[in-house]
**Q** 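Have a look at this one before I ask anything.
Positions are given from 1 along the sequence.
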Amino acid sequence: LRAVNRRALEALIQSGAFDLLEANRNQLMHDLDLVLEWAQGRARDRAIGQGSLFDLPESGNADSDGAASSYESAPKASPVADFEPQKKLQLEKELLGFYISDHPLKSIQRPAKVLAPVSVNEMAEQPDNTLLSAIVMLSMVKPVVTKKGDRMAIVQVEDLTGQVDGVVFPRAYERIGEHIVVDARLMVWGKADRRDDQVQFIIEDAEPIEAVRLVMVELDPSMASDITLQNRLRNVLRDNQGQDAHGARVPVVAMIQDTQQRRQFIRLGAQFRVHDPDVTVQALMAAEFRAKTQPLIPA
């Protein structure tokens with residue numbers, strides 16, 4: 001322990017350094033007291049020349065099998081469940097400043113590309129005054145109080161492609177401030193702002209990805225090319241946009257399936273977002289479309 005103290009051992013466990021010995025990091029944390037006491041006892045025995053039967057290699061030779069056998073004789077605490085994946089990643093980030101074993105957004109990479117095709121590293125290329133949507137994580141949040149006493153936040157958003165600075169102004173913060181916390185995984189809506197050759201993302205709306213729902217409309221190729229059906233679909237969606245400027249944020253995705261069961265997913269434009277997914281699905285079905293609502297992240 002003079003070389004590697006308890007705190008260092010905990011950090012090594014939580015950052016995954018012992019995963020090859022035991023993949024359950026929470027179990028290792030619970031085992032730690034027992035293992036330290038056991039190891040110190042063995043060290044004292046060696047210091048006075050009193051070996052242990054467990055120090056003897058199985059084959060009688062001091063090889064790696066002996067080391068493995070010795071480690072396996074270490075005491076273990078009662079079995080416990082491992083940390084949740086998000087907890088593991090959070091600990092890695094706190095200790096190392098970056099993720100090792102995974103990324104919190106990796107598991108939703110494919111659906112994220114359909115719902116929010118603009119990635120962080122592409123924001124600088126987007127036209128001015130265009131409403132963008134992205135699925136990101138907040139890696140830094142700095143609360144700010146303006147001279148008028150209004151609350152806002154300076155943030156840093158990231159996805160699998162990179163990071164960009166952002167800001168949540170008071171009017172938006174009043175509505176979505178509860179979601180603006182470090183490590184929050186969000187679907188955000190906003191605009192890219194360019195100043196002094198730097199780009200920052202102005203966040204106007206946000207929703208936790210666990211709460212994101214979408215409307216799926218099933219079409220076959222003949223329906224997708226039928227102008228009459230296209231107009232009917234457009235009218236149903238426009239009728240379900242609601243009156244609130246910030247209410248119509250539920251994305252609509254068309255799933256086109258051919259006779260060979262091949263599927264293609266097409267996200268309809270921002271102008272076709274709807275307010276209430278359940279009401280929209282009912283309206284679509286009444287107009288003889290096959291439709292359903294589903295979460296971005298399955299339960």
Side-chain angles (χ1 to χ4, degrees), residues 1 3-43 52 54-55 58 64-116 135-141 155-160 163 178-188 206-214 293-299:
L1 289 178
V4 183
N5 63 26
R6 180 193 176 91
R7 187 172 180 180
L9 288 169
E10 290 177 346
L12 287 167
I13 291 171
Q14 292 169 352
S15 60
F18 290 114
D19 279 4
L20 289 180
L21 297 179
E22 167 61 70
N24 185 333
R25 298 180 191 177
N26 193 24
Q27 184 68 55
L28 287 174
M29 293 295 291
H30 279 74
D31 294 345
L32 190 54
D33 284 334
L34 296 174
V35 172
L36 288 177
E37 183 179 354
W38 170 79
Q40 288 175 313
R42 286 161 55 86
S52 166
F54 295 111
D55 292 331
E58 292 178 358
S64 60
D65 289 338
S69 176
S70 177
Y71 169 74
E72 290 167 358
S73 68
K76 294 185 71 67
S78 299
V80 295
D82 201 356
F83 295 124
E84 293 291 329
Q86 287 298 115
K87 179 66 173 178
K88 279 188 175 183
L89 295 176
Q90 179 185 346
L91 290 169
E92 291 176 4
K93 183 70 176 291
E94 289 177 359
L95 290 163
L96 304 170
F98 52 89
Y99 302 107
I100 289 288
S101 59
D102 206 344
H103 191 282
L105 297 177
K106 189 174 181 180
S107 61
I108 59 168
Q109 187 174 9
R110 291 184 64 186
K113 195 65 178 175
V114 174
L115 294 188
I135 291 180
V136 302
M137 191 178 70
L138 301 184
S139 53
M140 184 276 290
V141 175
V155 301
Q156 187 173 70
V157 301
E158 71 172 59
D159 63 10
L160 295 173
Q163 297 179 330
E178 62 181 310
H179 305 316
I180 307 302
V181 294
V182 174
D183 293 333
R185 299 186 300 169
L186 304 172
M187 185 165 183
V188 295
E207 186 174 29
I209 62 170
E210 294 80 6
V212 173
R213 298 170 69 195
L214 59 94
T293 180
Q294 65 183 57
L296 173 64
I297 301 178

**Q** Is any side-chain heavy atom of His103 closer than 4.5 Å to one of Asp159?
**A**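 A side-chain contact under 4.5 Å is absent here.
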
**Q** Identify the heavy atoms of Pro75 and Leu34 that sit nearest to each other, and give their distance.
**A**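 The pair with the smallest heavy-atom distance is CG-O, 3.6 Å.
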
**Q** State, to 0.1 Å, how close Val35 and Ala74 come at their nearest heavy-atom pair, and which atoms those are.
**A**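 Closest pair (atom of Val35, atom of Ala74, distance): CG2-CB, 4.5 Å.
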
**Q** Between CZ of Arg25 and OG of Ser101, what distance do you get to the nearest 0.5 Å?
**A**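 So the gap between those two atoms works out to 5.0 Å.
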
**Q** Of all heavy-atom pairs between Asn26 and Ala81, which one has the smallest distance, and what is that distance?
**A**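 For Asn26 and Ala81, the tightest heavy-atom pair comes out as ND2-O, 2.8 Å.
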
**Q** List the atom of Ala206, the atom of Val188, and the distance in Å for their closest heavy-atom pair.
**A**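 Distance-wise, the nearest heavy atoms are CB-CG1, 3.9 Å.
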
**Q** State, yes or no, whether a side-chain contact exists between His179 and Leu186 at a heavy-atom distance under 4.5 Å.
**A**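 Answer yes - side chains close enough.
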
**Q** Got a second to check how far Leu105's CG is from Ile135's CD1, nearest 0.5 Å?
**A**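 The CG atom of Leu105 sits 8.0 Å away from the CD1 atom of Ile135.
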
**Q** Does the side chain of Asp82 reach to within under 4.5 Å of the side chain of Gln27, using non-hydrogen atoms?
**A**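 No - every pair of side-chain heavy atoms lies 4.5 Å or more apart.
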
**Q** Taking C-beta and beyond as the side chain, do Leu89 and Asp183 meet within less than 4.5 Å on heavy atoms?
**A**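 No; the side chains remain at least 4.5 Å from each other.
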
**Q** Can you check whether Leu9 reaches Leu32 side chain to side chain, under 4.5 Å on heavy atoms?
**A**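 They are in side-chain contact.
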
**Q** Val141 and Val181: which non-hydrogen atoms are nearest, and at how many Å?
**A**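 Scanning both residues, the minimum pair turns out to be CG2-C, 3.7 Å.
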
**Q** More than 12 non-hydrogen atoms from neighbouring residues, nucleotides or ligands closer than 6.0 Å to CD on Glu37, yes or no?
**A**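 Check fails, neighbour count at 12 or below.
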
**Q** Rounded to the nearest 0.5 Å, what separation is found between the CG atom of Leu91 and the CD1 atom of Ile13?
**A**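 The CD1 atom of Ile13 is 11.5 Å from CG of Leu91, to the nearest 0.5 Å.
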
**Q** If you round to the nearest 0.5 Å, how far is CD of Glu158 from CE of Met137?
**A**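 Those atoms lie 4.0 Å apart.
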
**Q** Does Thr293 use its side chain to pair, donor to acceptor, with the backbone of Leu214 at less than 3.5 Å?
**A**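 Pair found, side chain donor or acceptor close to backbone of Leu214.
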
**Q** What's the separation between atom CG in Leu95 and atom NZ in Lys93, rounded to the nearest 0.5 Å?
**A**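 The CG atom of Leu95 sits 12.0 Å away from the NZ atom of Lys93.
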
**Q** Look up atom CD in Glu10 and atom CG in Asn5, then write down how far apart they are to the nearest 0.5 Å.
**A**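 Those atoms lie 9.0 Å apart.
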
**Q** Would you sort out whether Leu36 and Arg6 count as a side chain to side chain contact (heavy atoms under 4.5 Å, CB included), showing the intermediate values?
**A** CA-CA 8 Å; Leu36 288 177; Arg6 180 193 176 91; 3.8 Å; yes

**Q** Is there side-chain contact between Gln86 and Gln90, with at least one heavy-atom pair below 4.5 Å?
**A**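 SC-SC contact between Gln86 and Gln90 ruled out.
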
**Q** Side chains of Lys76 and Glu22, heavy atoms from C-beta outward: is any pair under 4.5 Å?
**A**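 Contact flag for Lys76/Glu22 side chains = yes.
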
